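What you see is a predicted model; the values in this text were computed from it and never measured.
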There are 2 protein chains.
Amino acid sequence: MARPIVLNLNAVILAVTAGQPRVLTVRRDTDHASAPWALPSGPLDPQADRTLELALRRWIRGQAGIEVGYVEQLYTFADRGRDPGEGAGGPRLVSVAYLALVREQPVDAAPGAQWQNAYDFVPWEDRRQGAGDTGAVNPTLTRWALSAPGSAERRTREERAALCFGRTAAGWDGFMALERYELLYEAGAVQESWRDREREPPSGTGRVAGVGMALDHRRILATALARVRGKLKYRPVVFELLPPTFTLLQLQRIVEALSGIPLHKQNFRRLVEGARLVEGTGRYQASAPGRPAELFRFRRDVLRERQGPGVRVPAAGRRAVR
Amino acid sequence: MARPIVLNLNAVILAVTAGQPRVLTVRRDTDHASAPWALPSGPLDPQADRTLELALRRWIRGQAGIEVGYVEQLYTFADRGRDPGEGAGGPRLVSVAYLALVREQPVDAAPGAQWQNAYDFVPWEDRRQGAGDTGAVNPTLTRWALSAPGSAERRTREERAALCFGRTAAGWDGFMALERYELLYEAGAVQESWRDREREPPSGTGRVAGVGMALDHRRILATALARVRGKLKYRPVVFELLPPTFTLLQLQRIVEALSGIPLHKQNFRRLVEGARLVEGTGRYQASAPGRPAELFRFRRDVLRERQGPGVRVPAAGRRAVR
DNA sequence: CTCTATATGCTCAAAATGAGCATAAAAAAC
DNA sequence: GTTTTTTATGCTCATTTTGAGCATATAGAG
């Protein structure tokens, strides 16, 4: 019987550059220009690799010449049919996905590897300029709800969409990134929905949102986004993305980039300083417009002083703040 | 080359009965009375099981006759050497661990299966009666710190122990259950430390804490505990452990049991009612000492109204509250 | 010197939190 | 049947934490 199991590792490697969250992507070996972007992935060598994390670091170093700092296991994806190549009798593909945070750096090796804006793949997750692309998926969702068999099912769909996309009293929840992707998938609002049904997506603008990815990699990306957003709140992971010394605005921009929502500047400063997450260096940022900002550094000691030190991001309410 | 990979599923099945968190355990097939307790585990049938979760439900049903409700993937454990049976050329064991929450129910099949108090395995995690067993591990940790090579390393160990066990300004953090287990493992304060080094644990009382488990199952249990504790705060998972109708004290006791800390009764009530997590039924609990308590039910609508609805557990400060 | 762009300090009201006091309503003890 | 014990529930009060905004400081550009 034993249909074999193949285990591989996927990495969502995130950086933030110029206010944009960036993700490292590759083209599949079956290279032709139209091949979809994929997340970097590599094998576990059951013989040589003592732990999954070491395996991951090893092949990321080899494939992209990147030395990743913070690494965290995300989720193990193993549904049957993830890989169409799996076919009838092929091996069952099990992927352990990891999240890694780095300061963006030139990609050395791997000609196919490339940093891209993470929100190109999930534009509805970026609410920094108001609802923007989040609103853009609404028509599709409405059509989907209307096409429901029966009015009870229609109601359910409407409620689910409203909840996911922050159109209820609960407001927008950045943490629900995965639920949103799964909803869009179900609603046929992303390219993968049609690919997996082996049909052409409906024509017309705005019918599918964001750039598609190979296999279920966009789902993995959504999972990663949800995880960082959650983690930010109670672990000082942002600092993995910053140089050792930074201004409070730089810090804020990174939190905003990942959270996908704008933050109130003065309150952010109060929060971050009040939590004693950072300490001033006494040095100031050179040559920038406006009053020079003090350079801060991460205060490692908070880890010993506070529970769950992190940047508590407020619920994105109705209005955009500035 | 290909050293094969074997994938199995582990389940931490939790219930709370009479104020105690309970975990379903089994004896290994290699049964003799002294065999260590283990978590239930089962295979993935790559052919038949469409998803890991379905596989899990299937063999739990078969093995223990239990129908689990809430299920959530915890972590994938794959370090080399987890299973000593792995040996030199044996297959590499990869385990995907799941957390399941159920109302405790009789265990049907599986003669070896048995509910046990979760805190028997990790007694230091129970702070409901003050520091209790948490303090009991302190001497061992102190010895461990003192045995450090060099005073810098000693300081590091002391700080780490202080942080993990809430002896810093940060206080006790229920969420750090895994860090604590790993610290104890390193410090030789749990039976597994000695088992894995193939040595006898030092004699004398209080040298190893809690009841040991097979393989790395106690680590998995600690992971599960950390996860539920975190999840409680922003998802209404407690209700999975309660009958459809319950008193606020029952609810509080379950939260306390899982969090491992005592809560202020009036404030808990205010919190839970204020968050509109529950609604009164107008019915009252029959025959109990004291004024009869109203029966409440979970308000499912809260999911649509609030972000991250859950029971925000306060940081366990210095003093025990009643 | 004025304008523009940031940085940073500070205030104020509203909401959430931590700790208790007080009262209500039942069963148990006498 | 009265008192005691036990739990439920209502309410207060000080403190802290948030959300929002006003005001001032300090740079470069024109």
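- For residues 221-235 of chain B, the set of pairs meeting the salt bridge (charged side-chain N to carboxylate O under 4.0 Å, His left out) definition, not counting sequence neighbours, comprises B/E72-B/R227, B/E72-B/K231, B/E125-B/R229.
- Rounded to an integer number of Å, the gap from A/L263 CG to D/dG21 P is 15 Å.
- Remark: B/R127 is positioned above the aromatic ring of B/W172, its terminal NZ or CZ atom under 6.0 angstrom from the ring centre and at most 45 degrees off the axis.
- We find that CZ of B/R276 is positioned 14 Å from P of C/dA16, with the value rounded to whole Å.
- Proximity note for B/Y284 (side chain, C-beta onward) versus D/dT18, C/dT8, D/dT9: the nearest is D/dT9.
- Between A/F246 and A/F239, the ring planes lie tilted relative to each other; the angle falls in the 30° to 60° range.
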N/O to N/O distances under 3.5 Å, protein versus nucleotides 9-13 of chain C:
| unit_1 | atom_1 | unit_2 | atom_2 | d |
| --- | --- | --- | --- | --- |
| C/dG9 | O6 | A/Q266 | NE2 | 3.4 |

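- Other residues, nucleotides and ligands contribute over 12 non-hydrogen atoms within 6.0 Å of the CZ atom of A/R103.
- Along DNA chain C, the nucleotide nearest A/Q285 and the nucleotide nearest B/A288 are compared for position; the residue whose nucleotide lies closer to the 5' end is A/Q285.
- Straight-line distance from the CD atom of B/E294 to the P atom of C/dA25: 13 Å, rounded to whole Å.
- Using a 4.0 Å cut-off, some side-chain N or O of A/K265 falls inside it from OP1 or OP2 of C/dA7.
- Atom pair A/F268:CZ and C/dT8:P shows a separation of 13 Å (rounding to whole Å applied).
- Nearest-nucleotide positions on DNA chain D for A/R312 and A/P292 put A/R312 closer to the 5' end.
- Contacts of B/L249 with the nucleic acid, taken as non-hydrogen atoms under 4.0 Å apart, involve only primed sugar atoms and P, OP1 or OP2.
- Remark: P of D/dA8 and CG of B/L295 are 11 Å apart, rounded to the nearest angstrom.
- B/T25 and B/Q116 form a side-chain donor-acceptor contact under 3.5 Å, judged by distance and modelled atom types alone.
- Taking both residues in full, the closest heavy atoms of B/I261 and B/R128 are given as N-CG, 3.8 Å, listed atom of the first, atom of the second, then distance.
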